[in-house]
Every structure is written in structure tokens, then in C-alpha cells.
Amino acid sequence: MKISVIGAGYVGLVTASCLAELGHSIDLIEIDQEKAEMILAGISPINEPGLDDLLSKHISHNLRVITNYNEVHKSKLSFVCVGTPQMIDGNTDLSMIKAVSKSLGTALSMHDQDHVVIVKSTVPPGTTEGLISSIILGYTGDTENKIKFAMNPEFLREGQAITDFMNPDRIIIGCTEQYVGDTVASVYSGLNAPVMRTAPTVAEMIKYASNALLAMKISFSNEIGNICKRLDIDVYDVMRGVGMDHRISPHFLNAGVGFGGSCFPKDIMSLIKVAESLGENPVLLKSVIKVNEQQPLRMVEMLEKRAGPLAGKVVAVLGLAFKNDTDDVRDSRALPVIKELLRRGALVRAYDPLAIPNMSKIIPDIEYCESTAEALKDADVCLIMTEWPEFGELDCEFDLMRGKIIIEGRKILKCGRAEGICW
Ligand code: UGA
């Protein structure tokens, strides 16, 4: 099938590459010329296992990267995959969605083709059938009812995005007409996954509710962990037992310094704002955020309690990415921890296998090291912030430190020399 994918960010690039792998003919539309050229040269702008291989396999064959909408009408479908970041007040910034709708509407208005616009971006309920369709149909007029809309959320995780795309737990298709849903479903016919058909608003809400529930499991585990810590109980043992209940599942019960990334914090804030705009006070969702904001500060407080005032102390921070296997530092828990350490006058020395270039753009004035050994040498204390497998093996490297205090925000160390934030 000839398909356009709009936006070469995380979701767009993975969607385009995987759809090409499924045998479709893809036009990836990216208006940033520099980014488009980079992808065309086979260089992925994001660090995602397996993505470079897919790009080099399909670029110039069945995956084109273009910078305009001139030929979008030749595609049967277009997937909208642009970012919906959080604004300062917590609401969702839909400016990129509006810009894409305008470009799509203008391009489609010049031709007379059937076309399905499929929204993959995470958007507040009502956006597909409201904002997006009204902008596009405002341009096309669409007197013959040729342009249709669907919402098809994406559930991929960074670091495992290709595997998640190819092996989804479910495919959610929100649309109002049976044959439109059939067309969208046929895109995924090469995948073995249950398909749920529903309304676009339901599909939009499924994405928010899924992320909110996963984040809630983490904040719940963290709160139980904080109580367990006081009682000298290992929360990981507790959650192992809790997760054996099939109604709960063992996943997303890892307590620690909290969740980060480009999705959970922003999506929960967005849902809170949607709820408030409707006159609701979503106390549970607000608590999920509150627990998450408290965990990094607890870690610094625990450190100060053990090591004394932090002013002038050298703190080795191991891990900057919001999780392992990515260079993404968006909303990483290392950010509030480093900021708080600096506020208390500590000297921060940081190491991460991938995320130093991204973190140094946000916090340029700390010392970045090329190895764990360099970060640990003569450090007074050490904080472990990201679950990188290579940190799990650390042991004698800690002998390089001047002090002996090591605190883990993620349970990863095998040597048993660290104290956990909530275990
Ligand atoms: C998340 C969801 O898992 C995806 O299903 C969803 O598609 C995506 O958001 C999105 O909305 O686009 P992602 O942000 O890549 O994916 O990362 P996760 O693997 O879910 O981890 C999020 C954060 O939670 C990380 O900081 C991780 O360290 C933390 N976490 C995860 C915990 O603290 N404990 C856990 O048990 C699991």
C-alpha cells in the first residue's frame, strides 16, 4: 500500500521504517531539511536498536524521505506522527498538529482522491474528529466525503521500539466507518495481534489511560517502597509476590527514583488538564505526579543524611538517560537530582554510556566523564540514576572513591555495596 508518514520523530521514524519492512511503499514527510537529509544518508537522528538496519535496507527502495506534501494525495493513507509536547501550564501544545492539518488540507484540496488521515500522535480526546478533521475539511470542502479520519495510537517503548511495533499487544483502531477501519487494519495484516475497533475518542482515551495506569503502578510501587524502607523490608520481594496475582501482573512494579521520558509525565499532565477543563479534580492522577516529583528529592535527602552537608562534596552521578538503552534525557530523574545537588553546592561528575551529549545541552556546567572509573575517582559519594546493565557489574571500581556511600535510584547493582532509595 502507498502510505505517507508525517513527521520523522520517534514514532514517525519507527512507523515509517517498520511499515516499509512490512512491504508497504512509504513516503516519510519531514519538513526539517537537515533531518531529512540525515535520514536519507542512512543516519538515524535517534538512537534505537535495529533502526539503522531498517533504514539502510529500505531507503531508496520502498522508503522515500521528502520535505513537502506535493504527492501526499497519491498515498491511500497518511499517518500523522508529529509531537504533542507539554506547554508550561501543563496543557498539550497542538501547534504541530494544526500545522500538519493545514498542510494536509491544502495538499488534498488540489486533488480528488480518497484518503484516510490516521492520527498516531497522542492527542486529547476529541482532537481527531474535532480540530484535525475540521481544519482539513475546511481546506478541502470535501463535498464528496472522500476524506476519512481514524485514530490509531502507538504503544512503543523507546529502546525497544522496533520490537514493540512488530509485536504489539493490541492494535487499536478508532474510526466511525467499517470500511475505513478495514483499510487501516489491512496495513497491519503482517502482524499477529488482536485488533480492537472503536470510536476515535475512545482510541485517544485508551492511549492516555494506558500511560496513566502504567505510571500509577510505578508511583504506587514507589510509595509502598518508601513505607517498606522504613520497615526494613525489600519492596522488590514484596512486589514479586504482589505481581504473581494475574490481575496485577509483574510488570511496571519496579520501585525507584520514578518515571521520566517524553510520554508519562506529559500525558498524565495533559489528562489532568483535560479533566480539570471538564470540572473534575483528578486526585489520583495528581498524586501519581506528586510521588514522582518527590522521589528524586528523597534521594538527595537520603544522601545528605548519610554524607552530611553536600556543599563542596564530589558526587559521582552514574546514568543520565531517563532509562537504559536510550540517549533520551527528557524528564530524566537525573535532571531534578543534579539540579538539587548543584543547589546544595555539590560538585557533580556525571557519566552515561549514551546520554552525555543530550544532557550537556541542558546542564552544561558540570563535569562529564568518559567512563565510570573517571567519574568515581576520588568522589565522596555516588548516585546511580539509570538502569544501564554495565552499572550492574560495578564492584571494585567503587574502591576508586574517596568515600564509601553509594545510593541506587534503580535496583541494578549486583555487588550489594549500595543502599537503595526504597529498599
Ligand atoms: C512509555 C510506554 O511504556 C509506552 O507504552 C508508550 O507508547 C510510550 O510511553 C509513549 O507514550 O509513547 P517509554 O516512555 O519509552 O514508553 O518508557 P517506559 O519503558 O515505559 O519507561 C518510562 C519510565 O518509567 C522510565 O523512566 C523507567 O525507568 C520508569 N519505570 C518503568 C520505572 O520506574 N519502574 C518500572 O517498573 C518501569
Side-chain angles (χ1 to χ4, degrees), residues 47 222 255-262 265 292-413 415 417-422:
N47 194 291
N222 290 341
V257 71
F259 56 81
S262 63
N292 202 52
E293 282 169 356
Q294 282 169 356
Q295 289 306 95
L297 302 180
R298 285 180 82 95
M299 196 159 169
V300 177
E301 260 147 39
M302 187 183 287
L303 181 65
E304 199 160 65
K305 217 167 168 186
R306 293 264 319 264
L310 295 174
K313 290 222 163 67
V314 178
V315 183
V317 173
L318 301 186
L320 301 169
F322 85 94
K323 64 175 182 180
N324 57 299
D325 291 333
T326 176
D327 62 350
D328 196 341
V329 297
R330 285 176 289 176
D331 256 312
S332 165
R333 299 295 78 195
L335 277 163
V337 164
I338 293 174
K339 284 183 184 161
E340 186 59 21
L341 290 171
L342 295 176
R343 203 186 64 78
R344 296 187 189 205
L347 306 167
V348 176
R349 247 198 241 153
Y351 169 72
D352 187 283
L354 286 180
I356 291 177
N358 283 337
M359 187 57 98
S360 56
K361 283 181 211 149
I362 304 172
I363 306 183
D365 46 1
I366 56 172
E367 192 184 334
Y368 289 100
C369 302
E370 285 182 10
S371 65
T372 43
E374 192 186 330
L376 290 172
K377 189 156 180 353
D378 296 328
D380 292 300
V381 291
C382 170
L383 295 181
I384 298 180
M385 301 304 305
T386 313
E387 225 172 332
W388 283 104
E390 68 176 73
F391 295 159
E393 307 305 323
L394 294 174
D395 190 356
C396 55
E397 290 83 351
F398 293 120
D399 295 335
L400 294 166
M401 291 169 63
R402 193 159 43 203
K404 292 280 160 268
I405 298 167
I406 308 158
I407 298 181
E408 281 184 290
R410 311 275 177 204
K411 196 169 194 186
I412 177 82
L413 277 188
C415 66
R417 290 169 69 162
E419 181 177 355
I421 173 174
C422 39

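Every heavy atom of this structure was used, including side-chain atoms; hydrogens, water molecules and symmetry mates were not. Positions are given from 1, in the same order as the sequence printed here.
Closest non-hydrogen pair, Ile384 versus Phe391, comes out as CG2-CD1, 4.2 Å. Nearest approach of Val329 to Ala355, heavy atoms of both residues: CG1-CB, 3.6 Å. Contact detail for Ala316 and Leu376: the closest heavy-atom pair is CB-CD2, 4.0 Å.
Between the side chain of Ser332 and the backbone N or O of Leu320, at least one donor-acceptor pair lies under 3.5 Å. Checking side-chain atoms of Lys323 against main-chain N and O of Glu387 turns up no donor-acceptor pair under 3.5 Å. Counting only distance, with no hydrogens or angles, the side chain of Arg417 and the backbone of Asp395 share a donor-acceptor pair below 3.5 Å. Side chain of Asp378 to backbone of Met401: no donor-acceptor contact under 3.5 angstrom is found. The main-chain N or O of Met299 is never found under 3.5 Å from a side-chain atom of Gln295 such that the two would form a donor-acceptor pair. Here the side chain of Arg402 pairs no donor or acceptor atom with the backbone of Asp380 at under 3.5 angstrom. Checked by atom type and distance alone, the side chain of Glu340 never pairs as donor or acceptor with a backbone atom of Pro336 at under 3.5 Å. In this structure a side-chain-to-backbone donor-acceptor pair under 3.5 Å is present from Glu304 to Leu310. With hydrogens and angles disregarded, a donor-acceptor distance shorter than 3.5 Å links the side chain of Asp352 to the backbone of Ala321. Between the Ser262 side chain and the Arg330 main chain, no donor and acceptor come within less than 3.5 Å of each other.
Once rounded to the nearest 0.5 Å, the distance linking CG of Leu354 with CG of Asn47 reads 5.0 Å. In this structure, NZ in Lys339 is found 7.5 Å from CD1 in Ile362, a value given to the nearest 0.5 Å. Note that CZ of Arg349 and OG1 of Thr372 are 12.0 Å apart. Values are rounded to the nearest 0.5 Å. To the nearest 0.5 angstrom, Leu400 atom CG is 7.0 Å from Lys377 atom NZ. Note that CE of Met302 and CG of Leu297 are 12.0 Å apart. Values are rounded to the nearest 0.5 Å. Note that the CD atom of Glu397 and the CG atom of Asp399 stand 8.5 Å from one another [nearest 0.5 Å].
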- Evaluate side-chain contact (heavy atoms from CB on, under 4.5 Å) for Asn358 paired with Asp328, printing each intermediate quantity in order. CA-CA 7 Å; Asn358 283 337; Asp328 196 341; 5.7 Å; no

- Query: Are Ile338 and Leu342 close enough, and set up right, to give a side-chain contact (heavy atoms from CB on, under 4.5 Å), and what steps lead you there?
  - Reply: CA-CA 6 Å; Ile338 293 174; Leu342 295 176; 4.0 Å; yes

- Task: With side-chain contact (heavy atoms from CB on, under 4.5 Å) as the test, would you mind laying out the steps for Cys382 and Ile405 before giving the verdict?
- Result: CA-CA 6 Å; Cys382 170; Ile405 298 167; over 6 Å; no

- Query: Could you walk me through whether Arg410 and Met385 pass the side-chain contact (heavy atoms from CB on, under 4.5 Å) check?
  - Reply: CA-CA 6 Å; Arg410 311 275 177 204; Met385 301 304 305; over 6 Å; no

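Between Val300 and the choices Leu341, Ile407, Val315, the side chain to side chain contact (heavy atoms under 4.5 Å, CB included) rule is met once, by Leu341.
A salt bridge does not link Glu301 with Arg298: every distance from a Lys NZ or Arg NE/NH1/NH2 to an Asp or Glu carboxylate oxygen is 4.0 Å or more.
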